[in-house]
Amino acid sequence: AITNTNPMVWSLHWASGTYTWAWLLHVCLKFSATLLLLGWHTRWASFSCWVIWASILSRCWPFAHSFDMQLGYLLFFASLGVPWGMAF
């Protein structure tokens, strides 16, 4: 098992070690990504995607690639107020 020794690193996956908890987090991520793709409540959807995605990256940091980090940055700045739901 991977243990956390740094108090500044957090992950929702460390709240419980069960498969059900991991499944629930991934379902929430898929639901938020679907909302973001459909353009419905994009600010909240991008924030929830960012929180769960950052949690996944914190949980398995040895497998994170630079594009995974870029997706996290994009979701973070989108949750700050990028107008994803605006029509042209």
Side-chain angles (χ1 to χ4, degrees):
I2 297 175
T3 59
N4 181 16
T5 57
N6 186 354
M8 297 299 292
V9 177
W10 61 272
S11 177
L12 294 174
H13 288 78
W14 288 327
S16 176
T18 63
Y19 291 117
T20 307
W21 179 248
W23 177 81
L24 181 67
L25 287 174
H26 284 271
V27 166
C28 289
L29 178 63
K30 289 176 186 177
F31 180 71
S32 299
T34 303
L35 290 180
L36 190 61
L37 182 67
L38 295 176
W40 192 62
H41 293 285
T42 53
R43 185 172 292 176
W44 289 106
S46 61
F47 179 74
S48 62
C49 279
W50 171 71
V51 167
I52 299 171
W53 187 250
S55 174
I56 290 172
L57 290 180
S58 295
R59 176 68 174 104
C60 16
W61 59 269
F63 301 110
H65 193 266
S66 63
F67 295 120
D68 297 331
M69 299 300 291
Q70 287 178 358
L71 178 62
Y73 298 145
L74 177 71
L75 289 171
F76 174 70
F77 286 114
S79 67
L80 291 178
V82 172
W84 293 56
M86 299 283 295
F88 293 105

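Worth knowing before you read on, the calculation uses all heavy atoms, side chains too, and leaves out hydrogens, waters and symmetry mates.
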In terms of hydrophobic clustering (I, L, V, M, F, W, Y; side-chain heavy atoms under 4.5 Å; direct or indirect links), are [X] and [Y] co-clustered?
X     : Y     : result
Phe31 : Trp50 : no
Leu80 : Leu75 : yes
Met69 : Phe76 : yes

Side-chain donor/acceptor of Thr42 to backbone N/O of Gly39, under 3.5 Å: no
Backbone of Asp68 reached by a side-chain donor or acceptor of Trp53 within 3.5 Å: yes
Non-neighbouring partners of Ser55 that pass side-chain hydrogen bond (donor to acceptor under 3.5 Å, both in side chains), sequence neighbours left out: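 Once residues adjacent in sequence are excluded, the partners of Ser55 under the side-chain hydrogen bond (donor to acceptor under 3.5 Å, both in side chains) criterion are Ser11, His13.
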Residues clustering with Leu38 (ILVMFWY side chains joined when closer than 4.5 Å, directly or via others):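 None, because no other hydrophobic side chain comes under 4.5 Å of this residue.
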Remaining members of the apolar cluster that contains Leu37, side-chain heavy atoms under 4.5 Å: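 The other cluster members (ILVMFWY side chains, heavy atoms under 4.5 Å, direct or chained): none.
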Taking only residues two or more places apart in sequence, or in another chain, which ones meet [X] in a side chain to side chain contact (heavy atoms under 4.5 Å, CB included)?
X     : answer
Ala33 : Cys49
Tyr19 : none
Thr18 : Ser16, Thr20, Trp21

CD1 on Ile52 to OG on Ser32, rounded to 0.5 Å: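 Taking OG in Ser32 and CD1 in Ile52, the distance rounds to 5.0 Å.
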Spacing of His41 atom NE2 and Leu35 atom CG [to the nearest 0.5 Å]: 8.0 Å
For the student: nearest non-hydrogen atoms of Ala45 and Leu36, plus distance: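 Nearest heavy atoms, Ala45 then Leu36: CB-N, 3.9 Å.
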Side chain to side chain contact (heavy atoms under 4.5 Å, CB included) assessment of Leu71 paired with Phe67: CA-CA 6 Å; Leu71 178 62; Phe67 295 120; over 6 Å; no
Parallel, tilted or perpendicular: ring planes of Trp44 versus Phe47, cut at 30 and 60 degrees: perpendicular
